[in-house]
Amino acid sequence: MKDLGMNLALSAEEKSLLELITPELVKIGKDRSKLIPILQLIQEKLAYLPGEAIHMVADHLSISPSEVYGVATFYNQFRFNPPGRNPVKVCLGTACHVKGGDIILENFERKLDIKEGQTTPDREFSIERVACVGCCALAPVTVVGQTVHGHMQPSKVEGLVLRARIEREKQQREKQKNESSE
Amino acid sequence: MVTLLIDDKKIDVKEGTNLLRACLENDIYIPNLCYIKGMQNPPASCRLCFVEIEGEDHPIASCTVRVRDDMLVHTDTPRVRRLQKTALQLLLSVHDVDCKNCPANRKCGLQDMARFLKTALKSNRFDLFLKKNQVDQSHPFLDYYPNRCVLCGRCVYVCRDQQKLTELTFAQRGFNTVIGFFGNSQTIPPSCDRCRACAEVCPVAALLPKREI
Amino acid sequence: MSPANKEHANPRFDEIREKAETRKRAFKEAPGPKIHIGMATCGIASGALETKDAFEQMLAQLGIDAQIHTVGCIGHCYAEPFVIIDHPESGFPPIFYPEVTPGKANMLTKLFLAEGDPRFEHILGATEKNEMIPWVMEFARFSQEKRVVMEKCGHIDPEDIYDYIAADGYSTLAGMFQRTPQEIIREIKNSGLRGRGGAGFPTGPKWELAANEARDTKLVICNADEGDPGAYMDRTILESNPHQVLEGIIACAYAIGAHKAVVYVRAEYPLAVRIITGAIQQAKQLGLVGKDILGSSFDLDIEVFQGSGAFVCGEETALIRSIEGFRGMPRHRPPYPVQSGLWGKPTVINNVKTLASIAPILKNGAAWYRKIGTENSPGTAIFSVVGDVVHPGLIEIPMGVTLRTLIFDICGGIPKKKKFKAVQIGGPSGGCLPEDFLDTPIDFDSLTQAGAMMGSGGMVVMDEDTCTVDISRYFLDFTQKESCGECTFCRIGTFHLLTILERITEGEGNEADLKTLEQLSEDIKNGSLCGLGKTAPNPVLTSLRYFKDDYDAHVEEKRCPGMMCRPLVAYYIDLEKCARGCDACVGCCPVEAVFTTSNRKKGIDQSLCVKCGECMVACPPEYDAVRKVSPPQLAPIVERPQQTVKEHK
């Protein structure tokens, strides 16, 4: 069941991104058949569909918000909560399942202490299950961020999480250094 | 006018009439939930109104069939009854059977069918699965009880096709499907408060007005 | 140029073809070696981008003037990333290299491109017949395939329309416009082509129905909403040879009189979306799509629509609803889309593979196509074969080849000398077939008769260590999550099927469950509204029919014969074989279930073990001390010494 993140307030950055979309909507037009392409556009920019966006689309197409919501909750693509900075996508396609993809998923869930579909409180990681990322010969496969990791093993999970955390710390240190040197 | 034979009973109806309607109007009861008189394209989603038509291999939902001359229809065959019973038991397996406290008691679509099909309201064929949320009160004028709802879609249909509104919609998907009215509290027209058409067509009292007019 | 096409000289197209051929000649005649790298999603996932970078860097470093040619997917997934190096100066024919990592790329650049040593140990084969290196066509994996749809996949650059044209692409258009739409439909009808989307409805008659509808606006939809979690041929075709699909769409539109077409691709296939969008633009620029195509006064616009991820949208009425901007819920048919489809207009919906078959048929004629495959299922079938086979990947074979030939000859059989147990065909809508069916010819009707179906073309081969109950549970889990929720049987029925299967795989099932499973499956099949629901029970029904022993073992003995159902298995360490002081299994355990016994051997704490099997992999082969058993009570209990617990806590 899709969880609605309606209580989340939009960040300033998200607000300005949403405002930038308004002129694009005018270009796309008001035809009902544009509903799904519009939702895809918003999710591409914001990585999820906040409640504000649903209202904005409803206004634009002159349909009720529940109509937009009904469509958005039908499709797997749309999410209503921001994903983590490192989205973990565990492939559970047929080949990966046969090779123990669910064990990999379980290990990520255990390691990150969240369930599939959720995001860690620090917004670093989110876990999703996906159906076939298209490299069945490498099964089981997990995609972390943009990188495909083939021949996954439960023992590799900890390393991947750790590596992402270290990367993040390094980035933050550098950011701080840059800020202080400015 | 065409003449057809339903359960050996000769019936004359207007050509092109929906078979389910033809049966119901001639006192031949066929279990049904999602059909409303006048529907152009019935959704055929409740999967209850099965009949067997000679010449067809499988039972077929009668609401999707238009009558033809000399059609031979059987409404009470083992295959039809088996499908109807299973469909009803499936609906009951996600239904909070609490008739005593339900406003629909004695005028309930499920009760009617259970009586007709001689099926117990509480059977142990399937495990019972109820949704956690007993009631959704987010609509300004309506309360929604997901564990009563059979998702026949009649409320969505009347709101959309008769009132020309889109205040009610199916939301979520699959087993989690519910009737939703997300965010409408801000945009809902006041006419919604006076209408009540959705609550009136609900066969199981899953949609109730917050206050009586 | 074939003589048939010469008659249909079309000055506009001739000019385009001239340019394409000039470019191809220039590429061929350019000095230096040519490196062809497969860059479809599967290649990229296996590291083809890094491989390409490595080639580029090393070539620059060594100052070698070579041409890199990015191509699509050749279908040999086990070999990704694959590279074909054509280095005429070395005296060798073009060579196919599998699994080219950046390291291998560096090595091949240095040793082969610079020094002329092809490194025989890394070669899969040569792509031409020669005296030195085995020709790939001598391998069954290559020679027994028959490529019609995927003929050019992996050989041309999908992002360069001229590459396709130089390979005789779009050559059917000029001739087609000189024939009437009726003639085109007759040709397709005569070919006996059946829709490759799964059910196998004849394509020619479908087009004819749409053509006969007397309406102004008609539409063509190319269905690339490939949803089966184990099938990816539609994606591969779009990523590797999009123009062959467009050529088919143009023919279909011309035949039925449509001026608008939509390619419906899953948004989860970003590369396919990008490549098909680019291909449409390129075709437009050359006047092959758009207004007055090649001076024929026939107009056609092609758009891309991104499907948002709902398996049910592969069903044509649901697909239409989603393009219209609604929830993708199927509706009762009739009316069929050829009568009333998208926006109520007559609409032909064809699968990618169907449309990609059109150009070869128009080019070579219906009689040629009829000769491939069987009487009732002419042409080829594409399967994505995964699971326990030596050479997994995409395979295009003539219809009528037996499952045995496909699995054992073409795909190299079962690895690790294990025994064949079952093959699952057709994904979530298909079925599981046992060994007795290995000699079944692959065609629409034989598979349906056996209880499976062609479906999506997904094929999972399973060895003796596979549990058919678990595979059924897996597919039911998928269909249950993907049920649209509209009709009672699919929405609630599949949910109960799944819970019962879960119960059985956890060892909690009973005799009554098996009966309910069978009866409910039949009712869902007969009672559901759309194809998704009607076929959802197939995995259960076929496994119940052919692998009843598996179910009985789970229910009666609480044992999983394939040892896949984790609640029914246990791992333990054979103390006779375990080596003192070795810690291989301790380090790899994700939950610290492995402990050291009082005599410095290892034991597994069954209460903590999550049964991931890591210890079994980690245990050095010379000890081979980890055992897997089912039912779990067979594992001897080894007490955890008190102090080790403290150590860990």
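This is a predicted model, so every value here is computed, not measured. Chain naming here is simple, since letters A, B, ... match the order of the sequence lines and numbering starts at 1 in each.
Atom OG of C/S483 is separated from atom CG of B/N176 by 10.0 Å, given to the nearest 0.5 angstrom. A distance of 7.0 Å separates CG of B/D127 from NE2 of C/H496, quoted to the nearest 0.5 Å. Expressed to the nearest 0.5 Å, how far CZ of C/F489 lies from OG of B/S45 amounts to 12.0 Å.
The two atoms that bring B/V150 and C/R491 nearest to each other are O-NH2, 3.4 Å, heavy atoms only.
The aromatic rings of B/F175 and C/F495 lie parallel to each other, their planes meeting at an angle below 30°, with 60° marking the opposite boundary.
Side-chain atoms of B/R82 come within 3.5 Å of backbone atoms of C/Q519 as a donor-acceptor pair (strictly under, hydrogens ignored). Remark: side-chain polar atoms of B/R47 are paired, donor with acceptor, to backbone N or O of C/G527 under 3.5 angstrom. Put simply, the side chain of C/R327 gets close to the backbone of B/Q172: a donor and an acceptor are under 3.5 Å apart.
The residue among C/R331, C/E482, C/M329, C/E522 with the most heavy atom pairs within less than 4.5 Å of chain B is C/E482. With chain C as partner, the option from B/T177, B/V94, B/L83 having the largest number of non-hydrogen pairs under 4.5 angstrom is B/L83. For the set B/P42, B/A87, B/A44, the entry with the most heavy-atom pairs within less than 4.5 Å of chain C is B/A87.
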> Stepwise, does the side-chain contact (heavy atoms from CB on, under 4.5 Å) test hold for C/E486 with B/F170?
Replying inline: CA-CA 9 Å; C/E486 185 174 9; B/F170 289 112; over 6 Å; no

> Does the pair C/L520 and B/F126 meet the rule for a side-chain contact (heavy atoms from CB on, under 4.5 Å), with working shown?
Replying inline: CA-CA 10 Å; C/L520 181 57; B/F126 304 120; 3.7 Å; yes

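Residue B/Q137 qualifies as enclosed at atom CD: its count of foreign heavy atoms under 6.0 Å is above 12. By the neighbour-count criterion of 12 heavy atoms within 6.0 Å, atom CZ of B/R68 is sparsely surrounded, having that number or fewer from other residues, nucleotides or ligands. Residue B/D69 places its CG atom among more than 12 non-hydrogen atoms of other residues, nucleotides or ligands, all under 6.0 Å distant. Summarising the local packing, CZ of C/R215 is surrounded by more than 12 heavy atoms from other residues, nucleotides or ligands at distances under 6.0 Å.
Proximity to chain B is limited to the side chain of C/R503, based on heavy atoms less than 4.5 angstrom apart. Heavy atoms of C/A512 lying under 4.5 Å from chain B are absent altogether. Contact of C/S528 with chain B is made through the backbone alone, with heavy-atom distances under 4.5 Å.
Under the side-chain contact (heavy atoms from CB on, under 4.5 Å) rule, C/I492 has a single partner from B/L92, B/T86, B/L90, which is B/L90.
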